[in-house]
K.L.:
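Below you'll find the structure I mean.
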Amino acid sequence: MVKFALLSLLLLLPACSEKEVAYTLPLGEERVIRVQLDDARFTPSMIQALHGDRLLLQVYNTESKTHYLTVKNPRGDFIRSVVLPAGETVQIPLLLTDEGVWRFYGEKPLQESNGMQGSITAVARN
């Protein structure tokens with residue numbers, strides 16, 4: 001019985017790993033994007049990527065007060081909200097599991113602020 005369970009697990013592992021590879025960059029690879037928060041604006045505010053990309057946003061808050069950054073996927077689902085302390089860089093990992101426009105915005109947790117908006121457009125891989 002134990003041998004059968006182990007054999008079944010070993011047969012399933014290749015299928016799982018193939019699915020993972022199909023939707024992500026190779027293990028350990030990520031695209032680093034530096035974003036700066038200055039004058040209540042994100043620069044760059046528009047980012048292009050591919051569906052399945054693994055991104056690492058390095059967001060540097062140049063301002064003298066703490067801000068927040070919230071990310072939503074193309075369906076409008078909340079992905080995460082992080083604190084951006086004044087004068088510090090925060091790393092935000094993202095896996096672009098959906099094609100479309102991923103929105104990010106800042107100021108108060110879960111509340112959009114004028115000017116503090118950006119987007120990541122994830123397009124299909126060819």
K.L.:
As an exercise, state the distance from CG of Leu57 to CZ of Arg34, rounded to the nearest 0.5 Å.
P.N.:
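Interatomic distance, Leu57 CG to Arg34 CZ, rounded to 0.5 Å: 11.5 Å.
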K.L.:
Residues in side chain to side chain donor-acceptor pair (under 3.5 Å) with Thr62, at least two apart?
P.N.:
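Here the qualifying residues are Asp38.
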K.L.:
Does any pair with a residue in residues 74-84 pass salt bridge (charged side-chain N to carboxylate O under 4.0 Å, His left out), and if so which ones, sequence neighbours excluded?
P.N.:
Arg75-Asp77, Arg75-Asp98
K.L.:
Considering only Ile, Leu, Val, Met, Phe, Trp and Tyr, and joining two whenever side-chain heavy atoms are under 4.5 Å apart, list the other residues clustered with Val123.
P.N.:
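For the cluster that includes Val123, the remaining residues are Leu50.
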K.L.:
Please find the pair of heavy atoms, one from Thr66 and one from Pro85, that lie closest to each other, and give the distance.
P.N.:
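In this case the closest contact between Thr66 and Pro85 is OG1-CA, 3.8 Å.
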K.L.:
What's the verdict on side-chain contact (heavy atoms from CB on, under 4.5 Å) for Arg125 and Asp53, showing C-alpha distance, side-chain angles and the deciding distance?
P.N.:
CA-CA 10 Å; Arg125 292 183 179 278; Asp53 277 357; 2.6 Å; yes
K.L.:
If you compare all heavy atoms of Gln91 against all heavy atoms of Leu56, which two are closest, and at what distance to 0.1 Å?
P.N.:
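Heavy atoms of Gln91 and Leu56 come nearest at OE1-CD2, 2.9 Å.
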K.L.:
Quick one: does Trp102's side chain get under 4.5 Å of Pro74's, heavy atoms only?
P.N.:
yes
K.L.:
To the nearest 0.5 Å, what is the distance between CE (Met116) and OH (Tyr105)?
P.N.:
12.0 Å
K.L.:
Report the hydrophobic cluster partners of Met46, with the cluster defined as I, L, V, M, F, W, Y residues connected by side-chain heavy atoms closer than 4.5 angstrom, directly or transitively.
P.N.:
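Answer for Met46: none, a lone residue.
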K.L.:
What's the separation between atom CD1 in Ile120 and atom CZ in Arg31, rounded to the nearest 0.5 Å?
P.N.:
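Here the interatomic distance stands at 9.0 Å.
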K.L.:
Under the side-chain contact (heavy atoms from CB on, under 4.5 Å) rule, collect the residues that match up with Thr89, sequence neighbours excluded.
P.N.:
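By the side-chain contact (heavy atoms from CB on, under 4.5 Å) rule, Thr89 matches Gln58, Tyr60.
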K.L.:
If I compare all heavy atoms of Leu96 with all of Ala49, which pair ends up nearest, and what's the gap?
P.N.:
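Heavy atoms of Leu96 and Ala49 come nearest at CD1-CB, 3.4 Å.
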K.L.:
Please examine the side chains of Leu69 and Phe42, heavy atoms only from C-beta on, and report whether any two atoms are closer than 4.5 Å.
P.N.:
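Contact flag for Phe42/Leu69 side chains = yes.
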K.L.:
With side-chain contact (heavy atoms from CB on, under 4.5 Å) as the test, would you mind laying out the steps for Val59 and Phe104 before giving the verdict?
P.N.:
CA-CA 12 Å; Val59 184; Phe104 58 93; over 6 Å; no
K.L.:
Nearest 0.5 angstrom please: Lys72 NZ to Ser119 OG, how far?
P.N.:
14.5 Å
K.L.:
Atom CD1 in Ile92, atom CD1 in Ile33: separation rounded to 0.5 Å?
P.N.:
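Result: 11.0 Å between the selected atoms.
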K.L.:
In Å, rounded to the nearest 0.5 Å, how long is the span from CD of Glu30 to CG of Leu55?
P.N.:
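Taking CD in Glu30 and CG in Leu55, the distance rounds to 8.5 Å.
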K.L.:
For Val101, which fellow cluster members are found when Ile, Leu, Val, Met, Phe, Trp and Tyr are connected by side-chain heavy-atom distances below 4.5 angstrom, either directly or through intermediates?
P.N.:
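None; Val101 is a cluster of one.
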K.L.:
Once side chain to side chain donor-acceptor pair (under 3.5 Å) is applied, do any residues pair with Glu63, and if so which ones, sequence neighbours excluded?
P.N.:
His67
